[in-house]
Undergrad: 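Take this structure first; my questions come after.
What you are looking at is a predicted structure, and each value in this text was computed from that prediction instead of being measured.
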Amino acid sequence: MTKERLISLDVFRGFTILLMTIVNNPGSWTAIYPPLAHAEWHGCTPTDLVFPFFIFIMGSAIPFAMPTKQFDYAVFNKIIVRSLRIFCLGLFLNYFSRIELLGLEGISLLLLRLIITFAVAYALLGNFSLKIKTYLVFGIFAILLILAYSQIETFQDVRIPGVLQRIGIVYFFVSLLYLKTNLKIQLLVAAAILLGYWIVMAFVPVPGFGAANFEKGTNLAAWLDNLVLKGHLWSYSKTWDPEGILSTLPAIATGIFGMLIGQVLNLKIPKIEIIKKTAIIGIALLSTGLLWSIVFPINKSLWTSSYVLYTAGIATICLTLLYWIIDVLNYKKWIKLFLIWGVNPMIVFFFSGIIPRVLSAIKIKNPEIATEKINLQSYIYNHNIVPLFSNPLDASLTYALVYAVFWSFILWIFYKNKMIFKV
């Protein structure tokens, strides 16, 4: 039995997905306002809040999705299938631009990729029986992994980690922890993960590099990524991954804190008492994260323990404010935009990653140089948006906002027709 949706949580999710779409789709990656860019290494910008917010929100939703703690084989099967569906959606994004068949090129190849994409999306987002879902997701998961290690040239360096992959893993472990333990054990597990991660990262020597450190490419998390997933890491770093193996452990703690707040929001006590509790927890988490950052810097790529506490604290405070405004004061006139984004997160996550790849694959004649071709994304940006602005930062942001408006229209149609796509 599923409890009634918490509107403030849907709005918080919608705001997070909307912000993600804007920061992930600038007109030019060389023209970005600082708050809309990730911190270079240590530190945290508003953009660095997006990913932990989504994991936190996912954790918060678990007690509402499973208010009765019933655990059996069927429930376990549902959890692992949902986790793998999320994982495979993310993994397939890394395959899209690598699909080749029968020597096809240009539009023919793009159409083939799109046909396969819609087939995979239907298989992973379709509302089938649990048995069919299980067969489909395990089949797709096996195919993707086999291709990655098949020695086929086009797939031999395909990236395996990713944002949705991490979300799927975190969902699996946090869901099991919620169903099998109480609040005290959950808090102890989160504390053990964060302390253990700090000890390992701060004191264990890094093979081949020497003393423990928190620098790019030479820390223990980077060493483990390169050892286990060599050749299948983030293309920009090649030897480490921001969604790598070791740094996924503290991400589980982020999900646990979200799940703990979700349970507080589910308490059968006056709403004002809930607000007091979550506000205190949020301030405590944020403060502890800032203190810990003195010895363990806040860092998204490493997902440091201080980063977990700091971002979970901000997320808790944001959700507390939304809960007070929406669910207590009942002030809801402004929420529709965020609500339509919040109820369909996976469809946005997946296809907002596909569309830029499609635009980049379509080549048209360059209006400025007749002998050259440019991709459709560059054409739209450089010849329709850039001329309208003297400041390239404004032009780049406008492109991102136009893309967000495009998605808002699609999501409004889905919302109006009660089309909600769930994994």
Side-chain angles (χ1 to χ4, degrees), residues 12-57 162-163 166 214-217 219 234-237 240-243 247 250-251 254 282 285-287 289-294 296-319 321 337-338 341 348-349 352-353 356 360 377-378 380-382 384-408:
F12 190 22
R13 185 187 298 109
F15 169 79
T16 303
I17 297 294
L18 176 57
L19 180 58
M20 177 205 75
T21 302
I22 291 171
V23 302
N24 283 352
N25 295 279
S28 170
W29 287 102
T30 62
I32 305 174
Y33 280 105
L36 300 179
H38 290 291
E40 177 61 28
W41 188 240
H42 296 321
C44 184
T45 71
T47 297
D48 292 317
L49 297 175
V50 172
F51 194 2
F53 272 18
F54 194 80
I55 290 182
F56 178 93
I57 292 165
V163 171
R166 173 168 284 181
F214 309 132
E215 302 306 315
K216 278 186 183 180
N219 59 76
W234 190 37
S235 60
Y236 293 98
S237 61
W240 60 274
D241 200 289
E243 281 79 54
S247 60
T254 298
L285 289 171
L286 190 155
S287 301
L290 288 173
L291 286 172
W292 204 343
S293 70
I294 297 172
F296 198 15
I298 291 172
N299 186 300
K300 175 190 175 293
S301 293
L302 294 177
W303 212 278
T304 54
S305 302
S306 59
Y307 175 75
V308 170
L309 295 172
Y310 176 74
T311 55
I314 297 176
T316 302
I317 292 169
C318 289
L319 184 53
L321 288 172
L337 172 65
F338 302 108
W341 280 79
V348 180
F349 249 116
S352 69
S360 295
Q377 190 272 343
S378 295
I380 293 172
Y381 175 63
N382 290 311
N384 292 276
I385 293 179
V386 170
L388 301 176
F389 299 90
S390 58
N391 186 342
L393 296 176
D394 292 336
S396 185
L397 177 58
T398 298
Y399 179 88
L401 293 175
V402 169
Y403 188 64
V405 170
F406 164 76
W407 265 105
S408 296

Undergrad: Heavy atoms only: give me the nearest Asn382-Pro387 pair and the separation to one decimal.
TA: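 Shortest heavy-atom contact: O-CD, 3.4 Å.
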Undergrad: Hey, what do you get for CG (Asn25) to CE (Met20), rounding to the nearest 0.5 Å?
TA: 8.0 Å
Undergrad: Once rounded to the nearest 0.5 Å, what's the spacing between atom CD1 of Ile385 and atom CG of Asp394?
TA: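 CG of Asp394 is found 12.0 Å from CD1 of Ile385.
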Undergrad: Going through the checks in order, is the side-chain contact (heavy atoms from CB on, under 4.5 Å) test met by Leu302 and Phe296?
TA: CA-CA 10 Å; Leu302 294 177; Phe296 198 15; 5.5 Å; no
Undergrad: State the CG-CG distance between Leu290 and Leu309, to the nearest 0.5 angstrom.
TA: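 Separation between the atoms: 9.5 Å.
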Undergrad: Is it true that, when you exclude Phe51 itself, more than 12 heavy atoms of the residues, nucleotides or ligands shown sit nearer than 6.0 Å to its CZ?
TA: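 Result for CZ/Phe51: enclosed.
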Undergrad: What distance separates Leu36 CG from Thr45 OG1, expressed to the nearest 0.5 Å?
TA: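 It is 8.0 Å, given to the nearest 0.5 Å.
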Undergrad: Over 60° means perpendicular and under 30° means parallel, so tell me whether Trp41 and Trp240 are parallel, tilted or perpendicular.
TA: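 Trp41 and Trp240: perpendicular rings.
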Undergrad: How about Phe12 and Phe53: are their ring centroids closer than 6.0 Å?
TA: yes
Undergrad: I'd like to know if the side chain of Thr16 and the backbone of Phe54 have a donor-acceptor N/O pair within less than 3.5 Å.
TA: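 No, the answer is negative, given that no donor and acceptor are paired below the 3.5 Å cut-off.
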Undergrad: Quick one, Ile32 and Val23 - any side-chain contact, counting heavy atoms below 4.5 Å?
TA: no
Undergrad: Distance-only, no hydrogens or angles: does the Tyr307 side chain make a donor-acceptor pair with backbone N or O of Asp48 under 3.5 Å?
TA: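 Here the side-chain-to-backbone pair exists.
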Undergrad: Without swapping roles, check the side chain of Thr304 against the backbone of Pro297 for a donor-acceptor pair under 3.5 Å.
TA: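 Side chain of Thr304 to backbone of Pro297, a donor-acceptor pair under 3.5 Å: yes, one is there.
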Undergrad: Looking only at non-hydrogen atoms, find the nearest pair between Pro356 and Tyr403 and report the distance.
TA: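 Between these two residues, the closest heavy atoms are CD-OH, 3.6 Å.
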Undergrad: Is it the case that the side chain of Ser306 and the backbone of Trp292 share a donor-acceptor pair, with hydrogens and angles ignored and the cut-off at 3.5 Å?
TA: no
Undergrad: Within this structure, what is the CZ-CD1 distance for the pair Arg166 and Ile55, rounded to the nearest 0.5 Å?
TA: 6.5 Å
Undergrad: Which atom names give the shortest non-hydrogen contact between Cys44 and Thr311, and what distance separates them?
TA: SG-CG2, 4.5 Å
Undergrad: How close do Ser408 and Leu337 get, counting heavy atoms only, and between which atoms?
TA: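 Closest pair (atom of Ser408, atom of Leu337, distance): OG-CD1, 3.8 Å.
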Undergrad: Taking Thr316 as the fixed residue, which of Leu286, Leu285, Leu321 is the one that meets the side-chain contact (heavy atoms from CB on, under 4.5 Å) rule?
TA: Leu285
Undergrad: Nearest 0.5 Å please: distance from the CD1 atom of Ile22 over to the CH2 atom of Trp407.
TA: 14.0 Å
Undergrad: How close do Asn299 and His42 get, counting heavy atoms only, and between which atoms?
TA: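 Shortest heavy-atom contact: ND2-ND1, 3.1 Å.
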Undergrad: Evaluate Ile314 against Leu49 for side-chain contact (heavy atoms from CB on, under 4.5 Å), listing each step before the verdict.
TA: CA-CA 9 Å; Ile314 297 176; Leu49 297 175; 3.9 Å; yes
Undergrad: Within the side chain of Ser301, is there an N or O that forms a donor-acceptor pair under 3.5 Å with the backbone of Asp241?
TA: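 Not confirmed, Ser301 side chain does not pair with Asp241 backbone.
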Undergrad: Which heavy-atom pair separates Pro242 from Trp234 by the least distance, and what is that distance?
TA: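 In this case the closest contact between Pro242 and Trp234 is CD-CE3, 3.5 Å.
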Undergrad: Return yes if a side-chain donor-acceptor contact under 3.5 Å exists between Thr254 and Trp303, otherwise no.
TA: yes
Undergrad: Counting only N and O atoms by type, is there a donor-acceptor contact under 3.5 Å from the side chain of Ser396 to the main-chain atoms of Pro392?
TA: no
